[in-house]
Amino acid sequence: MKEERKIVKKGFAFTIYEAPEQSPFDKLFDIFQEVITHTSGDLDEALDWMKELDKEYQLTDENYTLDDFVEDLKKKGYIREEIKPDGKGGMSITAKTEQAIRKRALDQIFGKLKRSGSGNHKTKYIGKGDEHSGEFRKYQYGDSLERISITESLKNAQINHGIDGLHLTEDDLVVEETQFKAQMSTVLMIDISHSMILYGEDRITPAKKVAMALAELITTRYPKDTLEILVFGNDAWPIAIKDLPYLQVGPYHTNTVAGLQLAMDMLRRKRNTNKQIFMITDGKPSCLRMSDGQYYKNSNGLDYHIVNKCYMMAQQARKLHIPITTFMIAQDPYLMQFVREFTYANQGKAFYTGLSGLGEMIFEDYETNRKKRIRG
């Protein structure tokens, strides 16, 4: 009598996807966070937008109205009553909302990047370090036993050998990647000149989202790293992370030199050796502040005097071993030529991008630079 062979089925079981159940508040809060980002933290304007969206798309019903949503925002600590400078009462968003917006931006941008599959930014520069990366690979001879992920390895064993009895082999083992602990200091420069809202395109909101997401990533995943943010128009000045939701474009020209000077001053104060500058801009440098305090402005083409100052700043940053990565949200040939020469002077990098891929590019470059710089 032949021994009955046991059939082991391998692989995954697929079922129909069911969206997670969301409460009426959670559904509206997701929309609210997007709207409040576009209105630069103006709560009254955001609620007006919500009313219009509700009329068009029936976001609420008689069981849960927009007024109920506003009351819940108050109860949960997302908005508060305050006295405005003119003495009148009003409402504003709180620090809890600011953090929620940053986390949402991180999920939107970095979450998409993580789901996009393997890439060099995840594996090329990872080695035996002591900072967990959240990435896994197959076990290799010589890997220390404490790096083996028991949960992931057991999951592989069940997939490969079935669930009837535990059978774990070396081929099932996976280890969690680690990275070297070191500090990276980054300054993010955001152009807030008037052209960032010209031509029917909102360029400042995506820039804000990237800054908020990058700030959230660094504070949660790389707490030893630092991120400072500055904005530049006619002049340059630093802004706090908590101020990002309220950032607006001004009636400014583009003083790129002032932004670079401030960025390098910020980085000079950092003791660690890994430093970099990210610059988001859509226009040509068109302004300088002279020694007497007067502004020299020229919006007609590329001004020789202004661009030469930019090249000098790029070279100065190179001498200080500070690479500059420029994210150019414009594709005019003469502006691209300026960026190419600026990048050559610094030996940095440049990306000529639209708005849709801006976040992914910056996040991928941040992680790549971090690993490259830390490894020397």
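These numbers were taken from a predicted model, which means no experiment stands behind them.
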- Task: Decide whether T60 and T65 meet the rule of one side-chain donor and one side-chain acceptor closer than 3.5 Å.
- Result: no

- Note on the structure: In terms of heavy-atom contacts, S195 and R203 come closest through O-NH1, 3.6 Å

- Task: Indicate yes or no for a side-chain donor-acceptor contact from Q315 to the backbone of A345 under 3.5 Å, with no hydrogens or angles considered.
- Result: no

- Are side-chain heavy atoms of Y222 and M184 found at a separation under 4.5 Å? no

- So do the side chains of Q108 and E34 get within less than 4.5 Å of each other, counting heavy atoms only? yes

- Task: Could you go through the side chain to side chain contact (heavy atoms under 4.5 Å, CB included) check for F342 and M328 one step at a time?
- Result: CA-CA 12 Å; F342 177 84; M328 190 70 176; over 6 Å; no

- Qualifying residue, where the test is side-chain contact (heavy atoms from CB on, under 4.5 Å) with M313 and the options are N308, T256, L260: L260

- May I ask you to check whether Y246 and E98 show a side-chain donor-acceptor distance below 3.5 Å? yes

- When rounded to the nearest 0.5 Å, the distance separating CE of M212 from CG of L244 is 6.5 Å

- Task: Measure the shortest side-chain to side-chain distance between S299 and H253 over non-hydrogen atoms and say whether it is less than 4.5 angstrom.
- Result: yes

- So F351 and D365, side chain to side chain contact (heavy atoms under 4.5 Å, CB included) or not? Walk me through it. CA-CA 10 Å; F351 295 90; D365 201 58; 3.8 Å; yes

- Heavy-atom distance under 4.5 Å between the side chains of K27 and L59, does that happen here? no

- Task: Would you kindly say whether D235 and Y295 are connected by a side-chain donor-acceptor distance under 3.5 Å?
- Result: yes

- Side chains of R102 and Q99: is there a donor and an acceptor less than 3.5 Å apart? no

- Parallel, tilted or perpendicular for F32 and F69, by the 30°/60° rule? perpendicular

- Query: Under the 3.5 angstrom rule, does the side chain of Q347 hit a backbone N or O of Y344 as a donor-acceptor pair?
  - Reply: yes

- Message: Quick check for you: to the nearest 0.5 Å, what is the distance between I79 atom CD1 and T94 atom OG1?
- Response: 8.5 Å

- Message: According to a hydrophobic-cluster definition based on side-chain heavy atoms being under 4.5 Å apart (Ile, Leu, Val, Met, Phe, Trp, Tyr only), do F338 and M312 belong together?
- Response: no

- Query: What residue among Q261, K309, R289 forms side-chain contact (heavy atoms from CB on, under 4.5 Å) with N255?
  - Reply: R289

- Consider only side-chain heavy atoms of I, L, V, M, F, W and Y, link residues closer than 4.5 Å, and tell whether M290 and L262 are in one cluster. yes

- Under the side chain to side chain contact (heavy atoms under 4.5 Å, CB included) criterion, do I101 and T97 qualify, and how do the steps go? CA-CA 6 Å; I101 295 170; T97 304; 4.0 Å; yes

- Message: On a heavy-atom basis, which atom in N234 and which in C287 lie closest, and how many Å separate them?
- Response: O-SG, 3.9 Å

- Query: From T343 OG1 over to I324 CD1, what is the distance, rounded to the nearest 0.5 angstrom?
  - Reply: 8.5 Å

- To the nearest 0.5 angstrom, please state how far the CD1 atom of I36 sits from the CD1 atom of I31. 13.5 Å

- Item | Reported NZ-to-NZ distance for the pair K275 and K270, which is rounded to 0.5 angstrom | 9.0 Å

- Note: R269-D265 ion pair, threshold 4.0 Å (strictly below): no

- Report the C-alpha separation of V35 and L53 in whole Å, then their side-chain angles, then the decisive distance to 0.1 Å, and conclude whether the side chain to side chain contact (heavy atoms under 4.5 Å, CB included) test is met. CA-CA 10 Å; V35 170; L53 290 170; 4.1 Å; yes

- Query: Does V231 reach the side chain of I190, with side-chain heavy atoms less than 4.5 Å apart?
  - Reply: yes

- Message: Are K74 and E81 packed together at the side-chain level, in the sense that at least one heavy-atom pair is separated by less than 4.5 angstrom?
- Response: yes

- Message: Can you tell me which residue among K208, E45, Q248 is in a side-chain hydrogen bond (donor to acceptor under 3.5 Å, both in side chains) with S40?
- Response: K208

- Side chains of S193 and D191: is there a donor and an acceptor less than 3.5 Å apart? yes

- Query: For Q33 and A100, which heavy atoms make the closest approach, and how far apart are they?
  - Reply: OE1-O, 3.0 Å

- Query: Would you say T326's side chain and M279's backbone share a donor-acceptor pair under 3.5 angstrom?
  - Reply: no

- Task: May I ask you to check if K76 and F25 form a cation-pi contact, with NZ or CZ under 6.0 angstrom from the six-membered ring centre and within 45° of the axis?
- Result: yes

- Would you call E216 and R104 a salt bridge, taking side-chain N to carboxylate O under 4.0 Å as the test? no

- Could you tell me whether the side chain of L227 reaches within less than 4.5 Å of the side chain of Y366, counting heavy atoms only? no

- Please test R340 against Q337 for side chain to side chain donor-acceptor pair (under 3.5 Å), starting from the C-alpha separation and ending with a verdict. CA-CA 5 Å; R340 276 192 288 270; Q337 180 61 33; 3.2 Å; yes

- Can you say whether the rings of Y78 and F29 are parallel (under 30°), tilted (30 to 60°) or perpendicular (over 60°)? tilted

- Report, as yes or no, whether the 6.0 Å neighbourhood of atom NZ on K51 holds more than 12 heavy atoms from other residues, nucleotides or ligands. no

- Query: If you measure from the Lys or Arg side-chain nitrogens to the Asp or Glu carboxylate oxygens, is any gap between K297 and D303 under 4.0 Å?
  - Reply: no

- Message: How close do I93 and G41 get, counting heavy atoms only, and between which atoms?
- Response: CD1-CA, 4.3 Å

- Query: What are the two closest non-hydrogen atoms of M266 and P238, and how far apart are they?
  - Reply: CE-CB, 3.3 Å

- Message: Between D61 and Y64 (side chain of the first, backbone of the second, donor and acceptor by atom type, cut-off under 3.5 Å), is there such a pair?
- Response: yes

- Query: Are L320 and Y311 grouped together when hydrophobic residues (ILVMFWY) are joined by side-chain heavy atoms under 4.5 angstrom apart?
  - Reply: yes

- Note: N346 and A314 closest approach over all heavy atoms is ND2-O, 3.1 Å

- Note on the structure: CZ (F278) and CG (L188) are apart, to the nearest 0.5 Å, by 8.0 Å

- Message: Under 4.5 Å between side-chain heavy atoms, counting indirect links through other Ile/Leu/Val/Met/Phe/Trp/Tyr residues: same cluster for Y334 and I306 or not?
- Response: yes

- Query: Between the main-chain N or O of Q183 and the side-chain N or O of N274, is there a donor-acceptor pair closer than 3.5 Å?
  - Reply: yes

- Item | Side chain proximity check, I280 to I362, heavy atoms < 4.5 angstrom | yes

- When hydrophobic residues are tied together by side-chain contacts of less than 4.5 Å, even through go-betweens, does V307 share a cluster with M336? yes

